[in-house]
Every structure is written in C-alpha cells, then in structure tokens.
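This report refers to the structure that appears directly beneath it.
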Amino acid sequence: MEGDKEIDEGLYSRQLYVLGHDAMQKMQVSNVLISGLAGLGVEIAKNVVLSGVKSVTLHDPAPVALRDVGSQFFLREDDVGKNRAEVTKPRLAELNGYVPVNVIAGDLTEEVLANFQVVV
C-alpha cells in the first residue's frame, strides 16, 4: 500500500480501536474533496480532518451570507461577503496539523475530481 507510514497511536487511538490498522492506513493515503460548506458540509469536513486523512480540499464558490453564520460554526459576521471555503480553511486546519487543508476555487471538472479518492 502507498505510504505505509506508522500510525500515531497516541493521536488516533480511538479510531484504531474502532476501525483497525488496515482502515486507518487506507485513510492516511486518501485525498478527500468536500464541496459545499454550509452546516452539514462543515461538520463532515471537521470530522474528516480529525480522522487523519492524507489531505482535505474544500470547494464552495458561494460567498458567506449572514444566515450562514448561524449554521456554520467556523464563520463570523465579519466573514460576510467572503468566499466560504477560503474563510473556513485556516480555522479547519487548526483542528489537526497533520492534515493539509486546501481550497479549490474553480469548477469541479473530471480532471480535478480524478485527484481524489473520496468526494463528498
């Protein structure tokens, strides 16, 4: 398997107990794309970052609206009008320094999607 890295058992002990080493090793080499960062999307993104995947890429072309501040816990009132993915990225990245968080600003073409093992 690509990248047979050691799993940090101290950091991921609960997941190892539930999922096992094989599943965790597959997760460690998975690049995940999450499109749509409203309430549900950001909850999924948070859990995926905490799970220890290889990388997470965010996509959401929508600007933050005031109503988003009440349903997306990484947004603040001063984010209104800014791109949802861009303002969410640094706050999400703080959750797990071992998981790089990126943003795709353009369209999701087949060529772009081919870079990911999981698309949400």
- Task: Could you tell me which residues satisfy side-chain contact (heavy atoms from CB on, under 4.5 Å) with Ala93, sequence neighbours excluded, listed by chain and number?
- Result: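 Partners of Ala93 under the side-chain contact (heavy atoms from CB on, under 4.5 Å) test: Val101.
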
- Query: For Ser35, what residues pass the side-chain contact (heavy atoms from CB on, under 4.5 Å) criterion, not counting sequence neighbours?
  - Reply: His59, Leu108

Are [X] and [Y] joined in one hydrophobic group, where the rule is that I, L, V, M, F, W and Y side chains link up if heavy atoms are under 4.5 Å apart?
X: Leu113; Y: Val53; value: no
X: Val56; Y: Val112; value: no
X: Val80; Y: Phe73; value: no
X: Val87; Y: Leu66; value: yes
X: Val120; Y: Leu92; value: yes

- Task: Determine the minimum heavy-atom distance between Leu95 and Phe74, stating which atoms define it.
- Result: CD1-CZ, 3.8 Å

- Message: Testing the basics here: between Pro63 and Gly81, what is the closest heavy-atom pair and its distance to 0.1 Å?
- Response: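 Looking at all heavy atoms of both residues, the shortest contact is CB-O, 3.7 Å.
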
Please set out all donor-acceptor pairs under 3.5 angstrom arising from side-chain atoms of residues 39-50, sequence neighbours excluded.
from	atom 1	to	atom 2	distance (Å)
Glu43	OE2	Lys46	NZ	3.2
Asn47	ND2	Glu43	O	3.3

- Residues passing the side-chain hydrogen bond (donor to acceptor under 3.5 Å, both in side chains) test with Asn31, sequence neighbours excluded, are Ser55, Gln117

- Message: Give me each pair satisfying side chain to side chain donor-acceptor pair (under 3.5 Å) with a member in residues 102-113, each pair once, sequence neighbours excluded.
- Response: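 Pairs touching residues 102-113 that pass the test: none.
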
- Query: For residues 81-94, which residue pairs qualify under side chain to side chain donor-acceptor pair (under 3.5 Å), counting only residues two or more places apart or in two chains?
  - Reply: Asp60-Arg84, Asp68-Arg84, Gln72-Thr88, Asp79-Arg91

